[in-house]
Amino acid sequence: IFYGLRYGFNWSYKASYLAILWSLFIGFNFAIMTTPQSLAFLLVAFTIFILPTIKRGIPLHFLWIITILTLTIHPLGGIPLFFLALLLSVPYVKKFKKYKWCAKPLNCIIFPLAAISLPLFFALYEKLNNVAWSNIFNINFWPLVVTPAFKWYQTYDFPLNMLHNIGANSIWLYLAIVLIGAYLIIRYNKYIFFRRHILFISILVINYLVAKIFLSFNLQIAYQKDDYLNRIIYMIALAILPIFLTTIFFWLKKILTVKHLWSKVWLIVLTTLVITISTYFSYPIYDKHGNSKSFNVTATDLKTVEFIDFHAQDEPYIVLANQIVGVASINTFGFAHYYNDNFYYSMPLGIDNIYSNYLSMIEQDANREQALEAMNKAGVNRLYLVVNNYWHSAKQAIQQAKETADGHFLIDEGVNNIFLYTR
């Protein structure tokens, strides 16, 4: 970020360093979560900030190296970068007189392909997973974007309320500051620094609109059907981060040139607030206002999957549990078993999987009927239900399962509850 701001946008050292801190406004969980998508997001963010320096300090082939790396990590981040690299490579054709005429036709071909590349990828991905074309394409013009409602907390103490008031409305604050940045870029004729950003943003926005309007995501369960679309939106948010920081730059430029002490104090207070809020919401939340349930794999989860495998004694079984427990099983046993191309721990992927049965048992009613339905899907006679004590409906699910299960086991004195269903 510093390199791009200092040498790409020609900002001062102080403004560049301070802008790094303000870039934390969007959070940094994508940079620390150990998932392929997060690593791809990190490389996309890296590319966004070095864009102004491509051909002016950083060679184009370096962009191609980053693009290929990203493609091998996660196509959702790699595909837009691939087409961006292609578009930036077209001017090199003009160096060859014989092929100079190809430049404009190539741009006319590459940009439309870039604008629909992700929807094409999503459609092909679903088709390869045996989803009928009629279930992939579904025109839906409204709503194009689902925006969060404005929230205002005033129930508990002031510091906690302030944290959540800013965190819950950060999207609106971010967009407002981006609009101010766009206005300043136009007013002060800084457009030349953002031509490539606007090109990349345009590609992402059109991809999002085409996917939103024309595609249905039937491989995902109900509450995850918009996950891929939300990831495109997040890439757009990363792509407009330099515009957001432009607003901060003009503000910093003014503050750093005045000698008033209170201006510096105000800058320190706001920057500290941004860092504090960013850190707070970049990790799982468990307070009076919310419970994100985004806990990491724990030693208890590892004990749980080991106990289940030992207790089953080589008899085929399936497990209804949250995704973190499934991750623990992959860590311990790898991708050990499948049924109908679905993983034997409940995961929200695939067709006719058992994750819907898990949600029904953990959220509504832990009854034997749901357990039998899941066993029928997998063709097994043994099922384990895992209830983590941090789950918001844990008490209800545990009480219901005690009345319907064939066995009950405690891991680490009830941190995880395991219920056995057989037939």
Side-chain angles (χ1 to χ4, degrees), residues 1-11 16 23 39-121 178 181-182 185-186 189-211 231-246:
I1 292 175
F2 172 80
Y3 185 89
L5 297 179
R6 178 70 184 94
Y7 300 104
F9 292 98
N10 295 328
W11 290 12
S16 299
S23 69
L39 182 54
F41 279 153
L42 189 59
L43 290 173
V44 168
F46 173 80
T47 304
I48 287 162
F49 279 94
I50 67 166
L51 271 182
T53 64
I54 298 295
K55 303 180 186 178
R56 289 176 45 210
I58 293 180
L60 182 62
H61 67 257
F62 184 73
L63 174 61
W64 275 106
I65 292 172
I66 298 300
T67 297
I68 293 168
L69 282 173
T70 312
L71 273 171
T72 62
I73 293 163
H74 202 293
L76 189 55
I79 289 173
L81 290 186
F82 173 77
F83 282 100
L84 177 65
L86 271 181
L87 288 168
L88 295 183
S89 300
V90 169
Y92 278 91
V93 176
K94 295 179 181 179
K95 292 184 177 182
F96 304 94
K97 292 183 179 180
K98 186 184 292 187
Y99 303 107
K100 190 175 181 179
W101 63 272
C102 294
K104 286 187 177 179
L106 281 174
N107 279 325
C108 292
I109 294 171
I110 295 171
F111 184 81
L113 282 175
I116 60 171
S117 56
L118 289 177
L120 288 176
F121 171 77
V178 166
I185 289 167
I186 295 170
N189 298 315
K190 301 295 184 181
Y191 172 78
I192 190 171
F193 293 102
F194 294 89
R195 287 182 302 172
R196 293 168 180 172
H197 293 90
I198 293 171
L199 175 64
F200 190 56
I201 293 166
S202 301
I203 290 172
L204 291 175
V205 168
I206 297 173
N207 270 287
Y208 171 81
L209 292 174
V210 173
R231 293 180 188 183
I232 299 176
I233 291 176
Y234 196 80
M235 281 196 291
I236 295 172
L238 290 175
I240 62 178
L241 182 56
I243 302 175
F244 168 88
L245 293 178
T246 298

Please list every donor-acceptor pair under 3.5 Å in which a side-chain atom of residues 204-211 meets a protein atom from a residue at least two apart or in another chain.
unit_1, atom_1, unit_2, atom_2, d
N207, OD1, S117, N, 3.2
N207, OD1, L118, N, 2.9
N207, ND2, A114, O, 2.7
N207, ND2, I203, O, 2.7
Y208, OH, L144, O, 2.5

Q. Side chain of R196, backbone of I54: donor and acceptor closer than 3.5 Å?
A. yes
Q) Is there a side-chain contact between I48 and L241, using heavy atoms and a 4.5 Å cut-off? A) no
Q.
Is the shortest side-chain heavy-atom distance between L84 and T67 below 4.5 Å?
A. no
Q: Might you point out which heavy atoms bring G77 and M235 nearest each other, and give the distance in Å?
A: CA-SD, 3.9 Å
Q.
Please enumerate all residues that pass ring-ring contact (aromatic ring centres under 6.0 Å, His included) together with Y7, with sequence neighbours excluded.
A. Y3
Q) Does some side-chain heavy atom of I243 sit less than 4.5 Å from a side-chain heavy atom of I201? A) yes
Q: Could you pull out all residues at least two apart from F194 that satisfy ring-ring contact (aromatic ring centres under 6.0 Å, His included)?
A: F9, H197
Q.
Donor-acceptor pair, distance only, cut-off 3.5 Å: does the side chain of R6 make one with the backbone of S16?
A. no
Q.
As an exercise, state the distance from CG of L71 to CD1 of I66, rounded to the nearest 0.5 Å.
A. 11.5 Å
(Q) My understanding is that only residues two or more places apart in sequence, or in another chain, count here; which of them pass ring-ring contact (aromatic ring centres under 6.0 Å, His included) with F62? (A) none
(Q) Taking side-chain contact (heavy atoms from CB on, under 4.5 Å) as the definition, give me every residue that meets it alongside I109, ordered by chain and number, with sequence neighbours left out. (A) L113
Q: Using a 4.5 Å cut-off on heavy atoms from C-beta on, say whether the side chain of W64 contacts that of L86.
A: yes
Q) Of all residues at least two apart in sequence or in a different chain, which pass the ring-ring contact (aromatic ring centres under 6.0 Å, His included) check with Y234? A) F30, F41
